[in-house]
Amino acid sequence: MLLGIDVGGTFTDAVVVDGGRVISHAKIPTTHGRLLECIAQAIDRSLSELDVKDITRVALSTTIVTNAIVEKKIAKVGLVVIPGPGVEIENLVPLPPVVVSGYTDHRGREVAEILEREILAAGKQLRDCETFAISGKFANRNPQQELQAAAWLKRETGSQHITVGSQLTGALNFWRRTNSAYYNAAVWPCFRDFSQAVEAALKQRNIHAPVYILKADGGTMPLAAAQNLPVEAIFTGPAASVFGVMTMACPKIPAVSLDIGGTTTDIALWQNGLPLFAKQGIAIDGYPTSIRALRLRSVGIGGDSHVRLVNGELKIGPEREGPAMALGGKVPTVSDAFIVAGLVDFGERRLAEQGMASLGSSKVEETAAWIIDQAAQQIVQAIEGIIAEWSAEPVYRVEDIVHHAPFTPQLLVGVGGAASGLVPAVAKRMGVAYELPVGGAVVNAVGAAVARPTLEVSLRADTAAGDYTVAECGVKAALSKSRFTMSDAQELSRHYLLGRAEQAGIAADDMEVVQQEEFNVVRGFSTVGKIMSCQLQIKPGVLTTIAGFSKEEWQ
Amino acid sequence: MKKQLGLVFFPAFDWAISSTHPERQERLLYTRDQIVEEGLLDLPAIKEYKPRLAEYADVNRVHIGIPDIAALITDAHLVSAGGAITAAQAVMNKEVERAFALVRPPGHHAMRMVHGTRGFCTINIEAIMVEHLRQHYGINKVAIVDTDVHHGDGTQDIFYHDPNTLFISFHQDGRTLYPGTGFIEEMGSPNALGTTMNIPLPPGTGDQGLHTVLDELILPVLNDFKPDIIINSAGQDNHYSDPLANMAITAQGYARMADKLKADIAVLEGGYSIEDALPYVNVGIILAMAGISYKKVVEPDIHKCPSQSKATTEYIQTMVTKWQDIWRRRDVLAKQAKLDAGDFWHRKRSIYYDDSGISEYQKESIRLCSHCSGYYTVETEADRPGAGLQTAFAAVIPRAACPSCKAAGKDAVAAAKRQGHHKYYFLQDKQQDYLEKL
Ligand SMILES: [Zn+2]
Ligand SMILES: [Zn+2]
């Protein structure tokens, strides 16, 4: 039995998945400021008729990290950077960093040393900080300076946590790694308190199954691993929804999924049975980070979107002015149009009709159809926008420019409270088929319940220099073979990924190469070596597909 | 909001002339690493663009390929030229203040007639971009400042008879470096005299010499010429670490130059110190063009940069003075050149395609018309390995041709065809925007 919990802005859902079915669920209003309360209630409610001993895994998608940043309940962080020459980073990061000497170049060679006295002085200067973050340019190509600086800083400050930039990701982008390291250190204490409370609450209920936390890219990580990488648990709601779609509908053909809620519609693109990932990490508070996420676009249209006429033109959303008139609201909403159009049935139809009539015409069905069509049009525009953005993304090979296949969706999958009202209209406009999987209303909790753990390593081997680096593992070592090939690089990556997975307590059965590159190193006119990089990951996906719900009320 | 800099970055990671040729897959690998690591593509002042593919019509507006251009180029060339056009469009459409096409393969050694590849170049991506702008955006006066260490002989050739294109090239002296041209005396044909400006610099020229030339000659000349648009052929092989040349410019020297030049569009040309120079020079240029501080962009091995000798400083000063004088007297010189030449100006040249191993012989004649810049004809002959002797006769009608030159150009190619001494006959009519194979 898998227990999935999703803490949303309004509701906290819990579901229990067993044998490919959702066998239990609970919906509790989210208790802001006291998240543990609604989590505990949702667990208790969903497990009320079940035996906790049967729970094999608990997975949580929570707003704890997002909220900590929004509400500024974050630690005072000492940020130390090793930028070397280049862009002046001081004003680009969330707070003024302490800049220290040292430089590693683009091939991971140490060009200038770091100085112990500078690091110790930085520690003294930052002594009132709760946690630290350290980030060096090209530390992903050679983490030694970062690791050494962290060790000195730890000795000087005795800090309980120091985030090291290169351990968050092996990808290039010093600016993003620095921002990620800062936010990771900033949310560290808050997440530690939260995870301890969750552990205690589960223990109290005799639940001893391993606990996983959802990440922004839809993978999960064990709670223990999450304690070192809490920033990965930011913005998980949309990812939970997308993985819920994967388990309930899993579109194998090019598809678009829509999660249509009260005020927004989240759009994701699908290819080969997987959602597309964003090329760049997410931005936090306007600061770009290296935190991987899904390729999503949000548009301000949902069931509760306020509908009105402005100079004869129909305006829908993005704001909500209360519930549908059918439920006693004061202004007409998109949901009122659904009711009048006969697409959904709740509340008082008479009041919904009054809402339509208030928009100037006595032909209420026509008005409702007009609203639905306009809302669908705005969603279609946003879908076209995200596809255009995908297609305009730079590529660096001739082959990829010349043979660029356009993304042509053939299917629309809709989840969320207002999906049944809008998805048929959107699909009609796009000329594609649509699906409304059963259980779309608790899709996020289902997604959390079934999302598989993911993990990655980035190996870079330089046969001319005779060494290799695995940033996430803090490794820089000599190559043991003189003839090292791309398949050796893959094998070595696999070795490190297995080690990392074992340490985290994750099954590493389904690995895939995310990206690889191979270039010659030429001196004069002869090839003296190769530079190879290989990014390997445990494939994102779901533990089980969901065939249905055992309770009939789920629609 | 309008961004400061549009960046078309296209390293063509799957294209090379050959695997150990300087123009090979990893030429911009370390530059990519540096740009991405510095976070430049994420800066709010910078917008990255995906290059479009140039069309053959864009290429044929500039070049005459023998037997046709499609037989001589690869898709990579169309992406590179397309990248330059994408950069220019971003500026013309006012999406960005200026743009940098950091693309390969390069183009500034490609001349109007193309038999193969020379100096790593097959088609001239700046010239293709310039003519695209003239055709689609009504641009007229253009200044091209070629800051590659090699003389931009291809660009010079294409615009040699065009008084509306000011081509300025500074480079290591042709007596010491490929392609062996680019002397002061090459100033443009009589109707365009002075709109080709060559500034040969002695080996060992450093930032100081470069900025003397820039401050005292290039910037004032640009100011006089008043172009609608300034293009920088931004080769980076003047760097002290470049393996193909002997100059002593630093990343700071390049960045300060980009800052002063304020080119509307820069296009990468050469630069083969792919590990030690390009990552830093490109970061410097990008920051300068984006209006961001580049003061901390310094090569790790800057101590290896030689200092400029006193003799070099004096030589440069003398040449700058000489050019200032020529520039002042350019109208008088042009008048005299026309008087000396009569109705037509002729030249004969041999052109070597080092990458293709082809020697070309060319005869050019341009009519010194008093109503327009004059039509011209080119006779070419080259022995191409595997294809045998390729001969062609072409007439080029300039965009602003007078009716008489237009008719005479067409007549000239028709007459040549009747005589039948050549294998191919071309009419490049820039007024009607077509290239015709007769
Ligand atoms: Zn060059
Ligand atoms: Zn004329």
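Letters A, B, ... mirror the listed sequences (proteins, then strands); counts begin at 1.
- For the pair B:Arg27/B:Leu278, a side-chain contact is recorded, criterion being any heavy-atom separation below 4.5 Å from C-beta on.
- Your options are A:Leu92, A:Leu172, A:Val87, A:Asn173, and the one with the most heavy-atom pairs under 4.5 Å with chain B is A:Asn173.
- When all heavy atoms of B:Ser19 and A:Val522 are compared, the pair lying nearest together is O-CG2, 4.0 Å.
- Chosen from A:Arg107, A:Glu399, A:His404, the residue pairing most often with chain B at heavy-atom distances under 4.5 Å is A:Arg107.
- B:Glu275 touches chain A through backbone and side chain together, each having a heavy atom under 4.5 Å away.
- Taking the six-membered ring wherever Trp is involved, the centroid distance between the rings of B:His21 and B:Trp15 does not fall below 6.0 Å.
- Contact check for B:Thr20 versus A:Thr527: side-chain heavy atoms found under the 4.5 Å cut-off.
- Contact annotation for A:Glu517: only side-chain heavy atoms (C-beta onward) come within less than 4.5 Å of a heavy atom of chain B.
- The part of B:Val79 that comes within reach of chain A is its side chain, from C-beta onward, which places non-hydrogen atoms under 4.5 angstrom from that chain.
- Counting only N and O atoms by type, the side chains of A:Thr178 and A:Ser135 include a donor and acceptor under 3.5 Å apart.
- Chain A forms the most heavy-atom pairs under 4.5 Å with one residue out of B:Glu48, B:Arg32, B:Lys50, and that residue is B:Lys50.
- Heavy atoms of B:Arg24 lying under 4.5 Å from chain A belong exclusively to its side chain.
- Using a 4.5 Å cut-off between heavy atoms, A:Phe138 touches chain B through backbone and side chain atoms alike.
- Looking at B:Leu28, neither its backbone nor its side chain comes within 4.5 Å of chain A, counting heavy atoms on both sides.
- Taking the six-membered ring for Trp, B:Tyr254 and B:Tyr280 have ring centres at least 6.0 Å apart.
- At a 4.5 Å heavy-atom cutoff, B:Ile35 makes no contact with chain A through either its backbone or its side chain.
- Most heavy-atom pairs under 4.5 Å with chain B: of the set A:Val111, A:Ile531, A:Ile401, A:Val521, this distinction falls to A:Ile401.
- Closest approach of B:Ile285 and B:Gln236 over heavy atoms only: CD1-NE2, 3.6 Å.
- For chain B, the option among A:Asn520, A:Asp400, A:Ile89 with the highest count of heavy-atom pairs below 4.5 Å is A:Asn520.
- Separation of the B:Phe9 and A:Tyr396 ring centroids falls under the 6.0 Å cut-off.
- Both the backbone and the side chain of A:Arg397 come within less than 4.5 Å of a heavy atom in chain B.
- Contact check for B:Ile128 versus B:His63: side-chain heavy atoms found under the 4.5 Å cut-off.
- For chain A, no part of B:Pro243 is nearby; none of its heavy atoms comes within less than 4.5 Å.
- Proximity to chain A is absent for every atom of B:Ser80, based on heavy atoms less than 4.5 angstrom apart.
- When each of B:Leu40, B:Val297, B:Ile274, B:Leu41 is scored by its heavy-atom pairs under 4.5 Å with chain A, the top score falls to B:Val297.
- Separation of atoms NZ (A:Lys530) and CD (A:Glu518) is listed at 4.5 Å; rounding is to 0.5 Å.
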